[in-house]
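Letters A, B, ... are given to chains in the order of the sequence lines, protein chains preceding strands, and every chain is numbered from 1. Owing to the predicted nature of the structure, the values given are computational and were not obtained by experimental measurement.
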Protein chains: 2
Amino acid sequence: MTEKRAPTRIQKKNRATILEAALEVFSQHGFRGATVDQIANAAGLSKPNLLYYFPSKDAIFTALLSGLLDTWLAPLQAMDPNGDPMEEILSYMQRKLQMSRDFPRESRLFANEIVQGAPRILDILSTDLKDLVDEKARVLRQWMDQGKIAPMHPHHLLFSIWSLTQHYADFDAQVQVLMDGEDPYEAAPEFLETLFRRMLTP
Amino acid sequence: MTEKRAPTRIQKKNRATILEAALEVFSQHGFRGATVDQIANAAGLSKPNLLYYFPSKDAIFTALLSGLLDTWLAPLQAMDPNGDPMEEILSYMQRKLQMSRDFPRESRLFANEIVQGAPRILDILSTDLKDLVDEKARVLRQWMDQGKIAPMHPHHLLFSIWSLTQHYADFDAQVQVLMDGEDPYEAAPEFLETLFRRMLTP
DNA sequence: CCTGAGTTTGACCGTTTGGTCAAATCAACA
DNA sequence: TGTTGATTTGACCAAACGGTCAAACTCAGG
């Protein structure tokens, strides 16, 4: 029997602080580009102290990812097969857009990893995400067969939602420069609403 | 006067080999994640030999980027203000899609850098790219004012073209997993053609 | 106040990294 | 063929890296 001690008050606080710092650093520099010292500094801890709470850099990254996965997949999970097709898709898209606005670091964390071939999360993608996507792709196909939305490749439809919304978080540096600092999220909701409404109308 | 010697046959060949290897490695791991040794190996050279042709890792990266910039911006450059608006935008989009298919490493190279805040290319983005984008945004706005295409935010229109096309290259790892290895470029051209035609029709 | 578990740290280790250098080798041309 | 500049390399260096460890410190419960 492996002994599991209940986490103390300090453990709870420090683990949370470390994961917050890790999100900040990993999302900005990627796994390889981030250093344990950077994370420790961002968390206000010494390196050995940080490694007292997580055994390795890998462990921090893994803990961070698995803690984020549910939150990250929640919007797609929430797409209701029994709801109104057009409204379900549009509100899924708007939720994704809001996540780009409110959680850009989480978006960049995944972006960084996937652009580099997803070496550390390929198994998660090909199990959890794949199952969810296949399930929702079937729902989309049904809606198309019923003539509720225009027929198209379901996977490409999902990709288009992801790319259009996450672009504002993942490529924020470029967006900021090209828009003279104007807030992209001012026009984006209406722009994407119109785009998808036109795209999905049968 | 700084003496500039004409590059020898060997210099030409090795510089090209190194830049090709650098593209392979940088696009896969990002600047920080790539090592000089990796690039040297990929180029079939020893590390000191590689550093005989480029003074530093930074110099390789810079040379690679500046050599790629023109190619990368060419499709947008080619969008003709005097052409038919709908066809110009659609063929620009298709060219971008083909570049994702044919030059995914170049796409990921830029993606990696921008996701991490574009620390090494922010000046290029805010000068060369910004000027080009502003110019083409004016063209798009004219077309909208003339009623040739539906009115919308020009910058967001450009972002949508970029994100939708580059997604297939930048997030290829994810796309491959979710499509069971089915070639995404089979359906993508028609999918995006339809999408943008609906989106742009006045 | 005492005690023991929980927490923190400075010093340290082996490896990897970007980069240097003198010496060796090669290639071209007179 | 000899000579000179171009090319290549093994050995090396300092800094940065992920991680370890024993010792010191802190804190809650008795």
Contacts under 3.5 Å, N or O only, protein and nucleotides 8-12 of chain C:
unit_1 : atom_1 : unit_2  : atom_2 : d
C:dT8  : OP2    : A:Asn14 : ND2    : 3.1
C:dT8  : OP2    : A:Asn49 : OD1    : 3.2
C:dT8  : OP2    : A:Asn49 : ND2    : 3.3
C:dT8  : OP2    : A:Tyr53 : OH     : 2.6
C:dT8  : O5'    : A:Asn49 : ND2    : 3.2
C:dT9  : OP2    : A:Ser46 : OG     : 3.1

For nucleotides 28-30 of chain D, give me every protein contact, N/O to N/O, under 3.5 Å, one pair per line with atom names.
unit_1 : atom_1 : unit_2 : atom_2 : d
D:dA28 : OP1    : A:Arg9 : NH2    : 2.8

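Formation of a donor-acceptor pair under 3.5 Å by the A:Lys136 side chain with backbone atoms of A:Met79 is found in this model.
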Let me see the working for B:Gln176 and B:Asp172 under side chain to side chain donor-acceptor pair (under 3.5 Å), right down to the final yes or no.
-> CA-CA 6 Å; B:Gln176 288 299 326; B:Asp172 176 65; 3.3 Å; yes
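For DNA chain C, none of the residues of residues 112-122 of chain B falls under the heavy-atom distance limit of 4.0 Å. Scanning residues 19-35 of chain A for heavy-atom distances under 4.0 Å to DNA chain D yields A:Ala34, A:Thr35.
For A:Phe191 and B:His156, the gap between ring centers is short of 6.0 Å. In this structure, A:His167 has its ring center closer than 6.0 angstrom to the ring center of B:Phe159.
Among pairs with a residue in residues 112-121 of chain B, those fulfilling side chain to side chain donor-acceptor pair (under 3.5 Å) read A:Asn112-B:Gln116, A:Gln116-B:Asn112, B:Glu113-B:Arg120, at least two apart in sequence or across chains.
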Cut-off 3.5 Å, no hydrogens considered: what does the side-chain donor-acceptor table look like for residues 65-78 of chain B, sequence neighbours left out?
unit_1  : atom_1 : unit_2  : atom_2 : d
B:Ser66 : OG     : B:Thr62 : O      : 3.3
B:Ser66 : OG     : B:Ala63 : O      : 3.3

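Neither OP1 nor OP2 of C:dG6 sits under 4.0 Å from any side-chain N or O of A:Gln11.
Considering every non-hydrogen atom in both A:Leu140 and A:Ile89, the closest pair reads CD2-CD1, 3.7 Å.
D:dG18 atom P lies 12 Å from atom CG of A:Asn41, rounded to whole Å. Rounded to whole Å, the distance from NZ on A:Lys13 to P on C:dT7 is 10 Å.
Other residues, nucleotides and ligands place more than 12 heavy atoms under 6.0 Å from the CD atom of B:Glu135.
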